[in-house]
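Shown next, in structure tokens, is the structure this report addresses.
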Amino acid sequence: LAEAITCVRQRFLILLCLVAMPLWELAMHATIVAQVPSLADYNAAASFIRSQLQPRDLIAAAPSFIDPILRWQLGDRMPLAMAGRSDDAAYERMWVLSIRSALPPATPGTAPELARNFGRVRVLRYALPRSRVLFDFVSAWPSAEASIERAGKPEPCPMRGGGVPRGGGLGRAVLMPVTQRFECDARTPWLFVSEVVLEDLDNRPRHCLWQHPQGDAPITLTFRDVPLGDELVFYAGIYYEHERMREGGPIFATISIDGQPRAQFEHRDGDGFRSLRVPTIAGGKPRGDVSVAVRAPEPRARSFCWAATTRASRARGAP
């Protein structure tokens, strides 16, 4: 009898678990659905941000998985420079569209100067330091001069337009040819210099200047009469598919001011998109010519892309 009772109890417990588990899953599903913001919540939050935007405002989202919703709602107010930014130095206010109390990693450690709730979506605004950026190389690239070294002598890379873009997608970095570019070799479609957006090793978009090396002889991009400020902040990396297997060789970028090398940036697979700070005040000149020369002993799949700005030690307008 005792064994029979024990057996009945065990079967009852098993049956109870079989019934309880789907009920628990249904309850959790209802809880999750109830916490998901509605489309109306996102619409209201985005409309509020849109009505308040000013020049030098940055728009961000958290958690990162709602970035597509942010771009859907406010993509027309988010230029490529913002979506693929290297840092936040060019901006003076940050708008955050947030759910689940999440914040972007670069959010200031101070309290927001504005907070509003729109259903389950929260809008925050933070004050950022006044911008110290004097010159943005990516935005100014059409005014630069590009050259490729052949037989020890530099030859100009002419500005070209048009062509039928091909490629892109997994393993192909960007569509080529891009609409406007310095074309260094028409027979080799990736030997060009132009503004692009590509994914770095962390799969983050990067708005940068594509300057693929040809080999040990450099490809050089020169900007004339640049306001130098106190430092040049340089970011660079390559397309993630060309880096993640750690099979490529090193890439070297020499940064020169008025023909004098000031710094060398070296990229090795696994570095990701990283930065280098180059003092510019040492020369004592307020303006100068800045060039970036890129080379690689093994140039295959070395999709080097860089972004840089010159910056003052104090924000514009600061005492």
Side-chain angles (χ1 to χ4, degrees), residues 64-65 67-68 70-72 75 78-86 137-139 141-142 144 146-149 157-221 234-253 265-275 292-308:
S64 60
F65 63 75
D67 278 348
L70 177 67
R71 292 193 292 270
W72 174 42
M78 299 175 64
L80 294 179
M82 181 186 298
R85 66 191 181 279
S86 297
F137 289 85
V138 179
S139 64
W141 80 271
S147 65
I148 182 170
E149 185 177 305
C157 300
M159 181 70 80
R160 301 291 191 201
V164 180
R166 293 183 174 87
L170 187 63
R172 298 295 297 274
V174 299
L175 291 171
M176 298 179 195
V178 296
T179 304
Q180 187 180 23
R181 65 212 177 263
F182 289 113
E183 191 174 79
C184 295
D185 190 339
R187 301 163 300 177
T188 310
W190 55 87
L191 287 183
F192 69 91
V193 180
S194 183
E195 169 192 19
V196 302
V197 176
L198 56 71
E199 297 92 343
D200 69 7
L201 187 59
D202 296 322
N203 283 313
R204 293 183 57 188
R206 296 294 182 176
H207 182 235
C208 50
L209 293 177
W210 175 283
Q211 194 168 335
H212 197 297
Q214 64 163 338
D216 266 327
I219 290 178
T220 303
L221 190 63
F234 186 87
Y235 288 87
I238 68 174
Y239 178 56
Y240 80 99
E241 282 283 347
H242 296 166
E243 180 174 11
R244 64 187 182 90
M245 300 304 293
R246 307 328 195 240
E247 295 175 344
I251 309 168
F252 304 96
F265 182 98
E266 180 178 347
H267 174 88
R268 292 185 179 271
D269 284 359
D271 287 348
F273 209 83
R274 62 184 183 85
S275 64
V292 177
V294 179
R295 61 183 182 86
E298 302 172 11
R300 181 180 177 275
R302 301 289 81 193
S303 48
F304 192 73
C305 204
W306 63 273

Can you confirm whether [X] sits close enough to [Y] that some side-chain heavy atom of one is under 4.5 Å from a side-chain heavy atom of the other?
X    : Y    : answer
L221 : F182 : yes
F252 : P218 : no
R160 : F192 : no
D202 : F273 : no
M78  : L70  : yes
E195 : L209 : yes

Should the pair D269-R302 be classified as a salt bridge under the 4.0 Å nitrogen-to-oxygen rule?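 Yes, this pair counts.
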
Do you know the tightest heavy-atom contact between [X] and [Y]?
X    : Y    : answer
A253 : V294 : CB-CG2, 4.2 Å
Q214 : P299 : O-CG, 3.4 Å
C157 : I148 : SG-N, 3.7 Å
A307 : S86  : CB-OG, 3.8 Å
G163 : P177 : CA-CG, 4.0 Å
L191 : H212 : CD2-O, 3.5 Å

Could you grab the distance from atom [atom1] of [X] to atom [atom2] of [Y], nearest 0.5 Å is fine?
X    : Y    : atom1 : atom2 : value
I251 : R268 : CD1   : CZ    : 10.5 Å
E247 : R300 : CD    : CZ    : 8.5 Å
I238 : R206 : CD1   : CZ    : 13.5 Å
C305 : W210 : SG    : CH2   : 7.5 Å
W190 : R172 : CH2   : CZ    : 9.5 Å

Report yes or no: does [X] contribute a side-chain atom to a donor-acceptor pair with the main-chain N or O of [Y] at less than 3.5 Å?
X    : Y    : value
S303 : Y239 : yes
S194 : Q180 : yes
R244 : H242 : no
W141 : R181 : no

Please determine whether the number of non-hydrogen atoms from other residues, nucleotides or ligands lying under 6.0 Å from atom CZ of R274 exceeds 12. yes

How would you list, by chain and number, every residue that makes a side chain to side chain donor-acceptor pair (under 3.5 Å) with H267, sequence neighbours excluded? E243

Output all residues satisfying side-chain contact (heavy atoms from CB on, under 4.5 Å) with A236, sequence neighbours left out; order by chain, then residue number.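 A236: side-chain contact (heavy atoms from CB on, under 4.5 Å) contacts with F234, F265, F304, W306.
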
